[in-house]
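Data first, discussion second: the structure below is written as structure tokens.
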Amino acid sequence: MFEFKLIAECKTTGARAGEFITPHGVIKTPVFMPVGTLATVKAMSPRELVEINSQIILGNTYHLYLRPGNEIISKAGGLHEFMHWDKPILTDSGGFQVFSLARLQKITDENVMCRSHIDGSQLIMSPEWSMTTQGILGSDIAMCFDQCCEYPATHDKAEEAVRRTTLWAKRSKNFFMNNNDSSRQALFGIIQGSVYDDLRERSADEIINLDFPGYAIGGLSVGESHAAMYHSLELLNNIMPKDKPRYLMGVGYPLNLVEGIARGVDMFDCVLPTRNGRNATVFTSKGRLNMRGKIYAEDFSPLDDECDCYTCKNFTRAYLRHLAMTGEILGARLFSWHNLRFSIRIAEQAREAIINGTFPKFLEDFNAKFHDDNHSED
RNA sequence: GGUGGAAUGGCCGAGUGGUCAAUGGCAACAGACUGUAAAUCUGUCGACGGGAGUCUACCAUGGUUCAAAUCCAUGUUCCACCA
């Protein structure tokens, strides 16, 4: 269980194609993983997720601990049963909420004293709490409880996050090995270090020494430039073991996906497809479109004529804009549907290209075609 | 026919002598969103000008006043009630 097989590697870039075996199925990499924080990928049913070939989705420890809570998840028989999803699930540890809900908490080496963003009640997050909750959730892949550093951060601040992340990784693994079912659940380590090379190297070294079945790169896509992100990925590509999956946390902007794959990343997750979908922005093979734009009012062409999704095969831009302008739920659904399929298809196409030995061309073509005025730095 | 009330920027609606080109909301237009406190948030929203500013504006016309969306007169339209 949890074996990672490297199937092909690109000869000129760092891109890899592989398979990761889990209790709920084989994940073909590179893979894009839709985010379903609260036991639902917002606006999508599990049936639809299967239709767009979602191989694995995410859930969130912090959010699910608050609602519905461990007792109900436990009674339901775990997260898979609870939400009727029988493919793999990866649960984030709550570490990201230490970052995103930072104002509501006090962090020490021991734990994170936090206030619920829902009702202000106190809860204490720790590696042990996270492992316990992820054990109850029963995800295929659990994540270490880490500290994600804000950007920009001083070297000292970033170093503290690295130190604490290692400390917590040790506690996470120790507790996990003694209490969780490691035959049914894999625990991934998380590398921090912000944009500092020495810290990234140190964090990678410390986390890899703890020996996990997979490694995640955290603390990126938090505001740094794409160039800085790519630099860190290149650095880590040379350090991380080839026989383990690499997961770039929180990344899903289309250009970042292909560039991440080119730098040896196997797994991605991101809220962007669903969040932007709900806000009527879509990604297409030619770039990003804000579908609330008046210019689409009488545009009867599909969102993306190269896309194979339900939205693109059946609806016009004019109709989709109408749904967006009227705030109809179907608009949020159809945009999310497309964006997810678009992201998943990038990974599928990249995989195919890697296996066929044509990845460099795929990368070049994708970059040439995808236009976005707001991300022209790349 | 009588009595009372109301007319404000695309819409709704505040404002009752100067600090009003006029609060709010909606609509519209534009933008943002990367391990989800997000079906959310931000900006613009009379015209011209880079700007200082100028012009046109609160039903119409006339008037009072240094000054009117705000006061007065007449008219028009609408609403309510009574016949």
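Proximity note for Arg288(A) (side chain, C-beta onward) versus rA30(B), rG35(B), rC33(B): the nearest is rC33(B). Among the nucleotides rA39(B), rG35(B), rC29(B), the one closest to the side chain of Arg321(A) is rC29(B). Listed candidates were rC29(B), rU36(B), rC33(B). Nearest to the side chain of Asn276(A) is rC33(B). Each of rU34(B), rA37(B), rC29(B) was ranked by its minimum atom distance to the side chain of Ser221(A); first place goes to rU34(B). In the set rG35(B), rA39(B), rC29(B), the nucleotide with an atom closest to the side chain of Lys42(A) is rA39(B). In this structure, of rA37(B), rA38(B), rG31(B), it is rA37(B) that holds the atom nearest to the side chain of Ser100(A).
Distance CG (Leu272(A)) to P (rU34(B)): 7 Å, rounded to an integer number of Å.
Here Ile329(A) lies in heavy-atom contact (under 4.0 Å) with a base. Gln97(A) comes within 4.0 angstrom of sugar-phosphate atoms only, judged by non-hydrogen atoms across all strands, and of no base. Residue contacts shown for Gly223(A) are absent, as no nucleic acid heavy atom lies under 4.0 Å away. Among the protein residues, Leu38(A) comes within range of no part of the nucleic acid, since none of its heavy atoms lies under 4.0 Å from any strand. Met325(A) comes within 4.0 angstrom of sugar-phosphate atoms only, judged by non-hydrogen atoms across all strands, and of no base.
At a cut-off of 3.5 angstrom, counting only N and O atoms as typed in the model, there is a donor on one side and an acceptor on the other between the side-chain of Arg292(A) and the base of rU40(B). A donor-acceptor contact under 3.5 Å links the side chain of His226(A) to the base of rU34(B). At a cut-off of 3.5 angstrom, the base of rG35(B) holds no donor-acceptor pair with the side chain of Asn60(A). Under 3.5 Å, the side chain of Thr274(A) and the base of rU36(B) form at least one donor-acceptor pair of N or O atoms.
Cation-pi geometry between Lys173(A) and Phe212(A) is satisfied (NZ or CZ under 6.0 Å from the ring centre, within 45° of the ring normal).
Lys286(A) pairs in a salt bridge (Lys or Arg N to Asp or Glu O under 4.0 Å) with only one of the listed residues (Asp305(A), Asp372(A), Asp365(A), Asp304(A)), which is Asp305(A).
Within the shown strands, rU61(B) is the pairing partner of rA73(B) under the Watson-Crick or G-U definition, both distances less than 3.5 Å.
Between Phe283(A) and His338(A), the ring center distance fails the sub-6.0 Å criterion.
Using the six-membered ring where Trp is involved, Phe99(A) and Phe96(A) have ring planes that are tilted, between 30° and 60° apart. Phe362(A) and Phe359(A) have tilted rings, their planes meeting at an angle from 30° to 60° on a 0 to 90° scale.
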